[in-house]
Colleague: 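Take a look at the following structure, please.
In each ligand, atom 1 is the first atom listed, and ligand 1 is the first ligand listed. Below, all heavy atoms of this structure are taken into account, side chains as well, without hydrogens, waters or symmetry copies.
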Amino acid sequence: MLRLGIVGLGRGAVLTAPALAAHPRIEIVAGCDPGADARAGFAAQMKARSYADLETLLCDPEIDAVYIASPHESHAAHTVAAARAGKHVLVEKPMAVTLANAARMAEAARAAGTVLMVGPSHGYDAPVALAADLIADGTAGAAHMIHAFAYTDFLYRPRRPAELLRAEGGGVVLSQGSHQVDVVRRLAGSRVKTVRAWVGDWDAARRADGAFTALLTFENGAAAGLVYSGYARYDSDARAGWAGELGMPKTPGTQARTRAALAAGNEGAAKTARGFAAGAEAVRAPYHERLGSVIACCANADLELTPEGVVVHGDAGPELRMAPLPPVRRYGVADAFARAVLDGERPLFDGAWGLETLAVLHALLKSAVEGRDISPADLIDAERSMP
Ligand SMILES: NC(=O)c1ccc[n+]([C@@H]2O[C@H](COP(=O)([O-])OP(=O)(O)OC[C@H]3O[C@@H](n4cnc5c(N)ncnc54)[C@H](O)[C@@H]3O)[C@@H](O)[C@H]2O)c1
């Protein structure tokens, strides 16, 4: 059994903890959060111990590993402390805010000989995994050009102030771009060579990086175009039969209601109410989790990712390949972490992967400022050469 502690009992933890709790080889033994309501909600729902801080949780002798779902800017300090205490780590996306911190995290896990896995991101989604298999087994063949676009209400969901500040990793680039970059990297099967991008910030009442578009080229010759808007007007789930990001049915007008609720309510209280202070969410979803639309044009067919699986658009026309639904939402992430810790399997989304995805996102931000192609590998090299 993998005995787990959860660090940060907010929105991210509420979404992922049920899958960890449902896994037969994982036992959630404790959680920590400075918020008393979050601790009380977690202890009651997960039937586990709760602590006010990480240091006390790391002293709990029954914990082998931690899932870190604290704010972005705490991921590095929490991951390094956990690795030094000999604990395996699953850390939320984005891995860190800065490349220096992501590199420190990877090094801490390497020095301690512990697992470091990053996620969950939509790179784990079952339709993405199925598409990657269809590419690898030759059904579709190599991906040449990938198109990923998502139009959501990200900017108008209740947020902590840091979630809107670029310096703290806020805005859509690090928070949401990490999903899209993981997806297209997995499908392209190659390292990103260059990024050319543009970032938008156009609501004067809610200043933040709210949208971006980017062209990624890969070392194997493939290319990917990304578009993301968090401005809560057009909703890309309209193109997926109104299956929502978390695999639940939704109705037209959801994003307008998100805007209206923000305008009417207390944002801080509404944010807290989305965490364990309010309650864990239903975990049996009728569709797969998914972010927006993804189409991969491959050597032998085009792949269209859907809430059910993948439509293979081959020479003979479209054919739907269903991806089996997991027993509970996000089960694949829990299973990958259990296998990494208990069976020694190398996770796909490990520390090195997380560092590269973060470098792509920093390249995106830098390209938008400087108006030129940026190489993520150059950013990592520059970081490594710093004294
Ligand atoms: N993968 C996903 O689907 C998903 C969804 C939501 C959030 N997230 C990620 O989860 C992370 C947290 O975001 P959120 O939306 O859950 O925020 P949140 O504010 O809802 O939750 C963060 C929690 O961490 C707690 N916290 C703050 N400092 C702490 C500390 N030192 N020790 C322990 N706990 C501490 C806060 O009190 C809060 O309860 C972010 O990195 C975000 O990207 C991921």
Colleague: Which protein non-hydrogen atom lies closest to atom 27 (C) of ligand 1, naming both residue and atom, and how far is it?
Modeller: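 Ranked first by proximity to atom 27 (C) of ligand 1 is P71 CD, 3.6 Å.
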
Colleague: Any heavy atom of R274 closer to ligand 1 than 4.0 angstrom?
Modeller: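 Not so, R274 does not reach ligand 1.
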
Colleague: If hydrogens are left out, which of Q176, E92, R160, H72 has an atom nearest to atom 13 (O) of ligand 1, that is, the closest non-hydrogen atom?
Modeller: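 Shortest heavy-atom distance from atom 13 (O) of ligand 1: R160.
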
Colleague: Should we count CE of M1 as having more than 12 external heavy atoms under 6.0 Å?
Modeller: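 Yes, because the 6.0 Å sphere around CE of M1 holds more than 12 heavy atoms from other groups.
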
Colleague: Who gets closest to atom 12 (C) of ligand 1 by heavy atom: G31, A277, S175, A69?
Modeller: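 Among G31, A277, S175, A69, the closest heavy atom to atom 12 (C) of ligand 1 comes from A69.
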
Colleague: Of all residues at least two apart in sequence or in a different chain, which pass the side chain to side chain donor-acceptor pair (under 3.5 Å) check with D182?
Modeller: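 So D182 forms a side chain to side chain donor-acceptor pair (under 3.5 Å) with S121, W353, T357.
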
Colleague: Taking CZ in R207 as the centre, count heavy atoms belonging to other residues, nucleotides or ligands within less than 6.0 Å. Is the count above 12?
Modeller: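 Result for CZ/R207: enclosed.
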
Colleague: Report yes or no: do H72 and S175 form a side-chain donor-acceptor pair below 3.5 Å?
Modeller: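 Yes, a side-chain donor-acceptor pair sits under 3.5 Å.
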
Colleague: Which atoms of ligand 1 are found less than 4.0 Å from any heavy atom of H75?
Modeller: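 Under 4.0 Å from H75, ligand 1 has these atoms: 41 (O).
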
Colleague: What residue and heavy atom of the protein are closest to atom 26 (N) of ligand 1, and at what distance?
Modeller: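 Checking every protein heavy atom, the shortest distance to atom 26 (N) of ligand 1 gives P34 CD, 3.7 Å.
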
Colleague: Taking the six-membered ring for Trp, are the ring centroids of F349 and Y124 within less than 6.0 Å of each other?
Modeller: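 Centroid separation for F349 and Y124: below 6.0 Å.
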
Colleague: When you measure from atom 15 (O) of ligand 1 to every protein heavy atom, which one gives the shortest distance, and what is it?
Modeller: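 Here the closest protein heavy atom is K271 NZ, 2.8 Å.
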
Colleague: Looking only at heavy atoms of C32, does any of them come nearer than 4.0 Å to an atom of ligand 1?
Modeller: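 C32: in contact with ligand 1 (<4.0 Å).
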
Colleague: Could you tell me if the side chain of S178 sits less than 4.5 Å from the side chain of H122, heavy atoms only?
Modeller: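 Side-chain contact under 4.5 Å: no.
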
Colleague: Please list the nearest protein heavy atom to atom 21 (O) of ligand 1 with its residue and the distance rounded to 0.1 Å.
Modeller: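 Going by distance alone, atom 21 (O) of ligand 1 is nearest to G10 CA, 3.2 Å.
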
Colleague: Heavy atom of S74 under 4.0 Å from ligand 1?
Modeller: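 No, S74 has no heavy atoms under 4.0 Å from ligand 1.
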
Colleague: Does S70 come within less than 4.0 angstrom of ligand 1, counting non-hydrogen atoms of the residue?
Modeller: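 The answer is yes, since S70 has a heavy atom less than 4.0 Å from ligand 1.
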
Colleague: Hey, is L15 one of the residues with a heavy atom under 4.0 angstrom from ligand 1?
Modeller: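 L15 counts as a contact of ligand 1 under the 4.0 Å cut-off.
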
Colleague: Report the residues that fulfil salt bridge (Lys or Arg N to Asp or Glu O under 4.0 Å) with E62, sequence neighbours left out, ordered by chain and then residue number.
Modeller: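 Partners of E62 under the salt bridge (Lys or Arg N to Asp or Glu O under 4.0 Å) test: R49.
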
Colleague: My understanding is that only one of D60, T56, D33 makes a side chain to side chain donor-acceptor pair (under 3.5 Å) with Y51; could you say which?
Modeller: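 When side chain to side chain donor-acceptor pair (under 3.5 Å) is applied between Y51 and each of D60, T56, D33, only D60 qualifies.
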
Colleague: Would you mind checking which non-hydrogen protein atom is closest to atom 30 (C) of ligand 1, with the distance to 0.1 Å?
Modeller: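 The answer is H78 CE1, 3.5 Å.
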
Colleague: Is the closest basic N to carboxylate O distance between E267 and R206 below 4.0 Å?
Modeller: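 Salt bridge present between E267 and R206.
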
Colleague: For atom 16 (O) of ligand 1, grab the closest protein heavy atom and report residue, atom and distance to one decimal in Å.
Modeller: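 Checked against all protein heavy atoms, atom 16 (O) of ligand 1 sits closest to G12 N, 2.7 Å.
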
Colleague: Using a 3.5 Å cut-off on N or O atoms only, is K93 in polar contact with ligand 1?
Modeller: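 Yes; the residue has a nitrogen or oxygen that sits under 3.5 Å from a nitrogen or oxygen of the ligand.
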
Colleague: How far is atom 3 (O) of ligand 1 from the closest protein heavy atom, and which atom is that?
Modeller: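 That would be R330 NH2, 2.9 Å.
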
Colleague: What is the closest protein heavy atom to atom 38 (C) of ligand 1, and at what distance does it sit?
Modeller: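 Its nearest protein heavy-atom neighbour is D33 OD2, 3.4 Å.
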
Colleague: Would one find more than 12 heavy atoms of other residues, nucleotides or ligands at under 6.0 Å from atom CZ of R25?
Modeller: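 Correct, the count exceeds 12.
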
Colleague: Can an N or O of P120 be found at a distance shorter than 3.5 Å from an N or O of ligand 1?
Modeller: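 Yes, since at least one N or O of P120 sits under 3.5 Å from an N or O of ligand 1.
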
Colleague: Salt bridge check: are D125 and R290 linked by an N-O gap of less than 4.0 Å?
Modeller: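 Salt bridge flag = no for R290 with D125.
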
